[in-house]
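Chain naming here is simple, since letters A, B, ... match the order of the sequence lines and numbering starts at 1 in each.
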2 protein chains.
Amino acid sequence: MRLTVMSDYSLRVLMYLGAKPEHRATIQEIASAYGISENHLMKVVHGLGRQGFVETVRGRGGGLRLARPADKIKIGDVIKAVEDDFALVECFRDENVCRISNVCRLRGVLRLALEAYFRVLDDWTVADLVTTPTNLFALLSDLPSSSEPATRR
Amino acid sequence: MRLTVMSDYSLRVLMYLGAKPEHRATIQEIASAYGISENHLMKVVHGLGRQGFVETVRGRGGGLRLARPADKIKIGDVIKAVEDDFALVECFRDENVCRISNVCRLRGVLRLALEAYFRVLDDWTVADLVTTPTNLFALLSDLPSSSEPATRR
DNA sequence: TATAAGATGCATCTCACATATATCTTATTG
DNA sequence: CAATAAGATATATGTGAGATGCATCTTATA
């Protein structure tokens with residue numbers, strides 16, 4: 001019952017971008033803001049790009065921004081897109097060999113529970129995660145390598 | 001977002017026992033019924049014993065049975081007992097270093113989702129998982145090494 | 001006292017996940 | 001148009017939790 005760091009990082013990237021929507025951030029900037037691996041983050045961002053959560057621009061002056069407003073990105077959608085394996089137990093899989101799977105109701109119950117899980121997550125958007133955007137951005141830019149501080153409101 | 005096979009096997013053991021409550025089953029019997037490793041199952045059963053879900057009896061003629069009626073064992077309680085790590089993302093942990101964790105609401109949202117998940121699982125008991133006990137037991141005893149078939153109703 | 005059970009500790013295997021390295025492509029800017 | 005700064009992509013490797021196996025100990029029963 002855990003999420004991968006891919007999900008963790010994905011959400012952090014979206015929050016970062018959501019905290020300052022007009023700003024086009026680079027991967028390097030975000031990685032150093034959180035103190036995490038730039039290489040690793042690149043994969044995460046690439047995935048977010050392919051799945052339509054962020055817009056990426058190559059080349060000098062490039063970077064990323066949210067593909068849609070933060071309040072239009074549901075947490076549940078992000079998790080569903082990033083996590084791949086929701087086969088909670090063997091009987092969810094095609095190669096299931098459990099011999100009671102046709103009379104047992106476990107699969108159905110677990111699926112119901114998972115639906116309830118996502119129903120909650122889909123009630124929240126990236127915008128909801130960031131209490132006060134300025135606060136968050138100030139926090140993120142309080143570090144050596146970042147560019148200008150978020151002075152303007 | 002997956003459960004370990006420990007949970008899977010734990011529930012299968014409880015279902016097996018719940019399907020024929022008066023019968024004291026051995027680990028060997030259950031393992032061969034499902035076609036899974038006896039060694040591995042032994043650990044699972046040991047855990048279930050320590051956590052009070054089953055009563056184990058050593059020695060010749062020993063075996064296991066449910067410690068309480070199947071309809072008094074909630075699925076959610078089993079999962080909670082068997083799975084150990086519900087720290088969905090870094091900020092759930094004590095050694096959290098994410099620098100926005102104090103203004104970010106992710107942790108709270110994920111916790112809510114997890115609660116919803118267990119609220120569903122706690123609505124179901126082991127008894128609910130087994131549609132027709134006789135059916136299930138017939139299915140499970142249809143194999144070489146098992147003792148007498150479940151003829152009686 | 002032999003045997004059939006579970007209890008326990010240790011060893012190992014294995015794969016998903018995490019991380020790193022290197023090279024390619026694209027866009028901008030001087 | 002060349003240099004550079006960005007992301008894209010493929011490959012390699014590390015690593016730890018989870019899964020499995022093996023051997024031995026303990027306990028109860030016949």
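Listed nucleotides: dA5(D), dG6(C), dA8(D). Nearest to the side chain of His46(A): dA8(D). Side chain of Arg58(B), nearest nucleotide from dT20(D), dA18(C), dG6(C): dG6(C). When the nucleotides dT20(D), dT19(C), dG6(C) are ranked by their closest atom to the side chain of Tyr9(A), dT19(C) comes out on top. Of the candidates dA20(C), dT26(C), dC22(D), the closest approach to any side-chain atom of Asn39(B) belongs to dC22(D).
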Just do the ring-ring contact (aromatic ring centres under 6.0 Å, His included) check on Phe118(A) and Tyr117(B) with the steps written out, would you? CA-CA 9 Å; Phe118(A) 280 114; Tyr117(B) 183 79; 9.6 Å; no

Show your reasoning for whether side chain to side chain donor-acceptor pair (under 3.5 Å) applies to Gln51(B) and His46(B). CA-CA 9 Å; Gln51(B) 278 149 345; His46(B) 180 220; over 6 Å; no

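One finds a salt bridge joining Asp8(A) and Arg12(A) here, because a Lys/Arg side-chain nitrogen approaches an Asp/Glu carboxylate oxygen to under 4.0 Å. A salt bridge does not link Asp77(A) with Lys72(A): none of the charged nitrogens is closer than 4.0 Å to a carboxylate oxygen.
Checking Glu83(B) against Ser37(B), the closest nucleotide of DNA chain D that is more toward the 5' end is the one next to Glu83(B). Of the two residues near DNA chain D, Ala25(A) and Thr4(B), the one whose nearest nucleotide lies more 5' is Ala25(A). Map Gly62(A) and Leu3(A) each onto its nearest nucleotide of DNA chain C; the residue landing nearer the 5' end is Leu3(A).
If you check distances only, the side chain of Arg60(A) never reaches the base of dT29(C) with a donor-acceptor pair under 3.5 Å. Applying the 3.5 Å distance criterion, the base of dT8(C) shares no donor-acceptor pair with the side chain of Lys43(B).
Rounded to a whole Å, the CD atom of Glu29(B) is 10 Å from the P atom of dG6(C). Whole-Å rounding puts the Gln28(B) CD to dG6(C) P distance at 8 Å. Distance CD1 (Ile27(A)) to P (dT9(D)): 12 Å, rounded to an integer number of Å. The OH atom of Tyr34(A) sits 19 Å away from the C1' atom of dA18(C) (whole-angstrom rounding). Atom CG in Leu41(B) sits roughly 16 Å away from atom C1' in dC22(D) (whole-Å rounding). Summarising the geometry, the separation between CD1 on Ile36(A) and P on dA20(C) is reported as 11 Å, rounded to the nearest angstrom. Between the CD atom of Glu38(A) and the C1' atom of dT21(C) there is a distance of 13 Å, given to the nearest Å. At whole-Å resolution of the value, CZ in Arg2(A) and P in dC17(C) are 10 Å apart.
For Thr56(A), no side-chain nitrogen or oxygen approaches OP1 or OP2 of dA6(D) to under 4.0 Å.
Residue His40(A) is in base contact, counting any heavy-atom pair closer than 4.0 Å across all strands shown. Residue-level contact check: Val57(B) touches the backbone only, with heavy atoms under 4.0 Å from sugar-phosphate atoms and none from bases. Within the nucleic acid shown, Gly49(A) has no heavy atom closer than 4.0 Å to any nucleic acid atom. Within 4.0 Å of Met42(A), counting heavy atoms only, lies at least one base atom of the nucleic acid.
Counting heavy atoms from C-beta on, the side chains of Leu64(B) and Ile30(B) come closer than 4.5 Å. Counting heavy atoms from C-beta outward, Phe92(A) and Leu110(A) have side chains that approach closer than 4.5 Å.
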